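What follows is a set of notes on a single structure, which appears directly below.
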Amino acid sequence: MAPRNDDSAPADEDDRDRQEHAGEDDRAGREDPAGEGREGAVGAPAETGGVETAGANPSGADPSGAEAAGTSTDGSPVDERVAALRRVAAAGRRRRAGQLATCALLLAVALTGGAVAVGTVRDGADAVAVSAPASGDVSPQLLTGGSLDASIASLQAHLRAQPRDHGGWATLGLAYVEQARTKGDPSRYPQAEKALARSLRLAPGDDQALAGRAALAAARHDFADALTYADRALKQNPYSERALSSRIDALVELGRYDQAAEAADTADARRPGVPVFTRYAYVRELRGDTATARRVLEQALATATSRGDIAYVAAQLGQLSWNQGDYKAALRHYARALAADDSYLPALEGRARAQAASGDTAAAVKGMELVVSRYPLPAPLVELGELYEARGAAGDEVKARDQYALVDAWIALARANGVNADLDTALAAADHGNKASALRAARAEWARRHTVHTADALAWALHVNGRDQEALPYARQATATGYRNAAFLYHRGMIERATGHTGDARTHLAAALRLNPGFSPLGARQARSALEALGGAE
């Protein structure tokens with residue numbers, strides 16, 4: 001419904017809104033709405049297919065010259081966010097860790113001010129830019145009709161003309177959340193918060209804006225707030241697909257798996273569709289029911305019609321297959337995802353992991369270099385660093401260290417923009433950073449939520465700090481739901497070995513390698529060595 005014209009409002013209130021939004025749009029909309037969308041491979045984390053590798057400079061050279069200006073040393077374009085992160089990482093290597101955080105904060109301010117262009121999401125060759133209507137509410141479907149950047153530009157133009165359109169502000173906030181999530185750019189979160197807050201000022205209790213606040217809180221890893229906002233949105237609209245989905249996400253990430261399963265059943269009854277199906281499948285996977293998870297995802301893929309949904313669900317199937325060590329199936333699913341959207345980064349990232357696990361190291365390195373050039377988040381950065389370490393070619397040790405330094409830079413940037421990055425810190429620092437920091441971060445995350453992932457992270461952080469007796473209960477808790485994860489089994493086996501539980505260690509190390517023998521470029525090798533030392537080599 002279009003918002004009514006409030007004749008009782010003073011005439012200059014709309015003028016103030018227009019002036020305020022004009023200032024915001026000058027900052028947030030200064031970048032080219034198309035951004036980097038067509039410069040090459042853009043998208044989410046884990047696929048590849050017919051995309052160019054422009055912009056990757058994984059060698060770790062100090063990006064003080066050409067790359068700082070947006071080109072690599074060979075003259076090819078570089079994503080400015082990646083170049084900026086590398087500048088922060090270089091500063092961190094030259095200065096104390098505290099100065100790194102300061103640099104990251106300054107970088108965050110620059111990013112928030114709109115100095116960096118962001119690319120399209122699920123935007124293929126035949127994507128259609130969507131224009132906002134001249135008046136009235138703006139449909140959330142703008143976010144799925146084509147280029148996200150083009151939609152944002154249309155929304156910004158619309159809101160300059162209609163600054164009291166609460167639906168438009170809610171949709172813009174959701175668009176910023178989606179940009180941040182898919183592009184690894186946490187500087188968009190403050191913009192999302194501002195837009196959603198304005199929507200709620202104009203229309204307190206609006207379910208779309210409340211669902212947007214739930215999505216924003218979840219993206220910032222504030223899952224308690226995500227649950228609160230999702231519940232408030234569902235009181236207004238029990239059939240809100242976004243709120244139903246965010247509620248499942250929040251319960252999963254709080255470790256409340258039984259309630260998450262109930263929420264997934266409820267969402268499936270109210271709003272069956274791709275967003276709900278994929279979450280339903282993940283809840284089942286966490287409980288060890290991979291057969292149901294696969295069946296539901298296959299059903300979702302069969303019903304998917306848009307290229308974005310096909311890419312998303314196929315990539316989810318690829319991840320499920322990879323987790324179970326079926327690399328051929330994983331590569332087949334990732335190929336399906338990339339056929340729908342050859343720039344979908346989750347499929348590019350997943351394909352690189354499956355290639356590495358299949359022994360195709362050259363293709364894996366090339367693919368992961370492409371991913372981090374577009375999407376410099378902790379998981380692919382660590383994966384690329386470990387691929388370099390495992391390969392062991394000349395210069396690879398330095399290249400690996402540079403990837404780990406970029407993780408530190410991203411974490412500082414994320415925290416500066418309100419993202420709780422403790423789990424990322426714990427996982428990366430335990431193996432490739434400050435072990436004491438890893439333990440502090442893991443403890444902080446465990447204090448907030450008890451999930452299998454936080455249990456595993458805390459167990460491993462305790463282990464690398466030599467506190468194995470304390471680690472063992474957490475390692476056992478990480479594997480207690482039936483979730484089939486080779487890294488968890490490996491961590492448990494190594495902790496059991498350190499605590500003298502030799503038989504259990506042999507069982508769980510062997511189980512990790514049977515389940516997914518290529519689960520980690522370095523971890524799988526270490527698991528084999530430990531198992532051989534225990535006399536139970538696979």
Side-chain angles (χ1 to χ4, degrees), residues 28 44-45 81 85 101 104-105 107-113 116 118 121 143 148 152 169-200 208-233 242-243 245-256 260 275 279 346 375-379 381 407-428 440-451 453-454 457:
R81 286 174 297 114
L85 276 174
L105 179 58
L107 173 60
V109 172
L111 287 171
T112 306
V116 178
V118 295
V121 177
L143 300 185
L148 182 59
I152 286 174
W169 284 109
T171 304
L172 181 62
L174 287 165
Y176 283 141
V177 172
E178 186 70 4
Q179 270 191 332
R181 184 186 67 80
T182 58
K183 297 302 296 178
D185 181 6
S187 70
R188 292 301 180 220
Y189 293 138
Q191 292 174 297
E193 184 172 20
K194 185 174 182 179
L196 292 166
R198 180 176 293 197
S199 177
L200 288 170
Q208 184 186 344
L210 290 169
R213 290 301 297 261
L216 173 61
R220 283 174 154 173
H221 297 182
D222 186 351
F223 299 109
D225 264 8
L227 182 58
T228 297
Y229 280 114
D231 284 340
R232 286 178 59 187
R242 190 174 297 274
S245 298
S246 291
R247 189 169 195 274
I248 300 169
D249 293 341
L251 290 168
V252 164
E253 296 299 340
L254 290 169
R256 294 158 62 173
R279 287 165 171 86
Y375 197 72
L377 289 186
L381 286 166
V407 174
D408 293 336
W410 186 92
I411 287 170
L413 171 61
R415 285 175 170 162
N417 284 277
V419 179
N420 166 24
D422 281 332
L423 186 58
D424 298 293
T425 300
L427 293 171
R440 284 194 299 271
R443 287 195 188 282
E445 193 67 16
W446 182 255
R448 282 185 287 269
R449 55 195 182 109
H450 293 181
T451 70
H453 293 90
T454 52

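Throughout, numbering of the chain's residues begins at 1 and tracks the sequence. Just the heavy atoms: all of them, side chains too, but no hydrogens, waters or symmetry mates, feed the values below. Please read these numbers as outputs of a predicted model, since none were measured by experiment.
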Does the side chain to side chain contact (heavy atoms under 4.5 Å, CB included) test come out yes or no for Trp410 and Asp424, once each step is laid out? CA-CA 10 Å; Trp410 186 92; Asp424 298 293; 4.1 Å; yes
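When every heavy atom of Ala217 is checked against every heavy atom of Ala226, the shortest pair comes out as CB-N, 3.5 Å. In terms of heavy atoms, Asn417 sits closest to Tyr189 at O-CB, 4.1 Å. Smallest separation of non-hydrogen atoms from Ile411 and Ala421: CG2-CB, 3.9 Å. Residues Pro186 and Pro190 approach most closely at O-CD, 3.6 Å, considering heavy atoms. Shortest non-hydrogen contact noted between Ala214 and Ala230 is CB-N, 3.6 Å. For Ala426 against Ala441, the heavy-atom pair with the smallest separation is N-CB, 3.9 Å.
Residues Arg449 and Leu423 form a side-chain contact, since some pair of their non-hydrogen atoms from C-beta on lies under 4.5 Å apart. Residues Leu174 and Gln208 are in side-chain contact: their nearest non-hydrogen atoms beyond the backbone lie under 4.5 Å apart. Contact annotation: the side chain of Arg279 never approaches that of Val252 to less than 4.5 Å [non-hydrogen atoms, C-beta and beyond].
Among residues two or more places apart in sequence or in another chain, the side-chain hydrogen bond (donor to acceptor under 3.5 Å, both in side chains) test is passed with Asp231 by Arg247.
In this structure a side-chain-to-backbone donor-acceptor pair under 3.5 Å is missing from Arg213 to Ala209. The backbone N or O of Ala224 sits less than 3.5 Å from a side-chain atom of Thr228, completing a donor-acceptor pair. Thr454 places no side-chain N or O within donor-acceptor distance of the main-chain N or O of Glu445, the cut-off being under 3.5 Å.
The CG atom of Leu227 sits 10.5 Å away from atom CG of Asp222, with the distance rounded to the nearest 0.5 Å. Once rounded to the nearest 0.5 Å, the distance linking CH2 of Trp169 with CG of Leu200 reads 13.0 Å. Rounding to the nearest 0.5 angstrom, the gap separating the CD atom in Glu178 from the OG1 atom in Thr171 is 13.0 Å. Rounding to the nearest 0.5 Å places CG of Leu216 at 14.0 Å from CZ of Arg188. Taking CG of Leu196 as the reference point, atom OH of Tyr176 lies at 11.0 Å (rounded to 0.5 Å). Here NE2 of His221 is found 10.5 Å from CZ of Arg448. Values are rounded to the nearest 0.5 Å.
When each of Arg440, Arg415, Arg443 is paired with Asp422, the side-chain hydrogen bond (donor to acceptor under 3.5 Å, both in side chains) condition holds for Arg415 and for no other.
For the residue pair Thr451/Glu253, the side-chain donor-acceptor check at 3.5 Å is not satisfied.
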